[in-house]
Amino acid sequence: MRERPGWTETKGRASKVRILVSDDHELIRDGIFILLKKLLDNPTVLEAETGDEAISIAEAHRDLDLAVIDLSLPGLNGLPMVSKLCQLLPETPILILSASADRNLVLKTIESGASGFVYKSLGTTVLEEALQMVLAGGVFIPPLVEGEDTELAGITPRQRQILELLAQGKSNKEMANTLHISANTIKNHLAKLYDQFSVSNRTQAVMKAQELTSGTSM
């Protein structure tokens with residue numbers, strides 16, 4: 001385990017924000033550390049290179065403020081690793097990173113208790129958005145990537161997240177709570193989606209959303 005201690009410059013003491021970052025590529029860990037320093041006041045980052053090491057850190061530090069975990073680590077990995085981390089850290093937002101753009105895997109990971117899932121191919125801008133959302137208490141579902149459905153051309157990443165939640169039968173309030181935005185914002189996005197897909201009511205919208213996200217519903 002490698003630890004990058006954070007220091008509060010004004011008081012000269014260690015930061016109380018403690019984050020687990022686990023990826024077997026040092027370059028990825030370095031990039032995440034840079035983003036975390038941008039978003040937080042000098043966080044202390046505990047680094048792991050394997051799933052087993054991540055579990056050991058979680059067992060020793062039950063009060064972590066955030067965990068950012070690659071899904072395909074050496075050793076214990078995948079959904080069993082996610083489930084174990086969620087059991088050990090029930091109050092900690094856990095953000096999963098993966099090179100795989102598998103929609104079923106995204107939703108199974110969220111079902112297991114993770115707070116978010118990011119495709120590595122989406123880049124640092126999306127990762128930064130995901131970090132902000134899960135730190136604020138929300139759940140981050142990645143936007144559908146190009147090629148997943150041609151009917152979704154012109155739909156924003158936020159609208160794609162709403163589309164996924166609509167397909168699951170979520171109410172406006174539930175969607176707002178999940179995405180950490182206002183109910184009015186949800187209504188505005190839904191109005192645009194209704195127009196995009198030429199539907200006139202929620203039932204038609206839900207059916208269309210389920211059609212476009214078929215095979216990925218919880």
- Partner set under salt bridge (Lys or Arg N to Asp or Glu O under 4.0 Å) for Lys108, not counting sequence neighbours: none
- Message: Test of understanding: with salt bridge (Lys or Arg N to Asp or Glu O under 4.0 Å), list the residues that count as partners of Glu49, not counting sequence neighbours.
- Response: Arg29
Any sub-3.5 Å donor-acceptor pair from [X]'s side-chain atoms to [Y]'s backbone N or O?
{"X": "Gln159", "Y": "His189", "answer": "no"}
{"X": "Glu128", "Y": "Thr125", "answer": "no"}
{"X": "Ser22", "Y": "Ala54", "answer": "no"}

- Item | For Asn172, all residues meeting side chain to side chain donor-acceptor pair (under 3.5 Å), sequence neighbours excluded | Arg202
- Closest heavy-atom pair and its distance - Ile186, Ile162: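 Residues Ile186 and Ile162, closest heavy atoms: CD1-CD1, 3.8 Å.
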- Query: If every non-hydrogen atom of Ser100 is compared with every non-hydrogen atom of Phe117, which pair is closest and at what distance?
  - Reply: O-CE2, 4.0 Å
If you look only at distance, which donor and acceptor atoms sit under 3.5 Å apart when one is on a side chain in residues 177-184 and the other is two or more places apart or in another chain?
unit_1	atom_1	unit_2	atom_2	d
Asn177	ND2	Lys173	O	3.4
Thr178	OG1	Glu174	O	2.9
His180	ND1	Ala136	O	3.4
His180	NE2	Ala136	O	3.0
Ser182	OG	Thr185	N	3.1
Ser182	OG	Thr185	OG1	2.8

- Query: Out of curiosity, Leu127 CG to Leu95 CG, how far, rounded to the nearest 0.5 Å?
  - Reply: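 One finds 6.5 Å between CG of Leu127 and CG of Leu95.
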- Item | Residue pairs, two or more places apart or on separate chains, that pass salt bridge (Lys or Arg N to Asp or Glu O under 4.0 Å) and touch residues 65-78 |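 Matches after skipping sequence neighbours: Asp70-Lys120.
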- Please collect all side-chain hydrogen bond (donor to acceptor under 3.5 Å, both in side chains) contacts where either partner lies in residues 74-91, sequence neighbours excluded, each pair once. none
- Picking from Ile57, Leu76, Leu73, what satisfies side-chain contact (heavy atoms from CB on, under 4.5 Å) with Asp52?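 For Asp52, the side-chain contact (heavy atoms from CB on, under 4.5 Å) test succeeds with only one of Ile57, Leu76, Leu73, which is Leu76.
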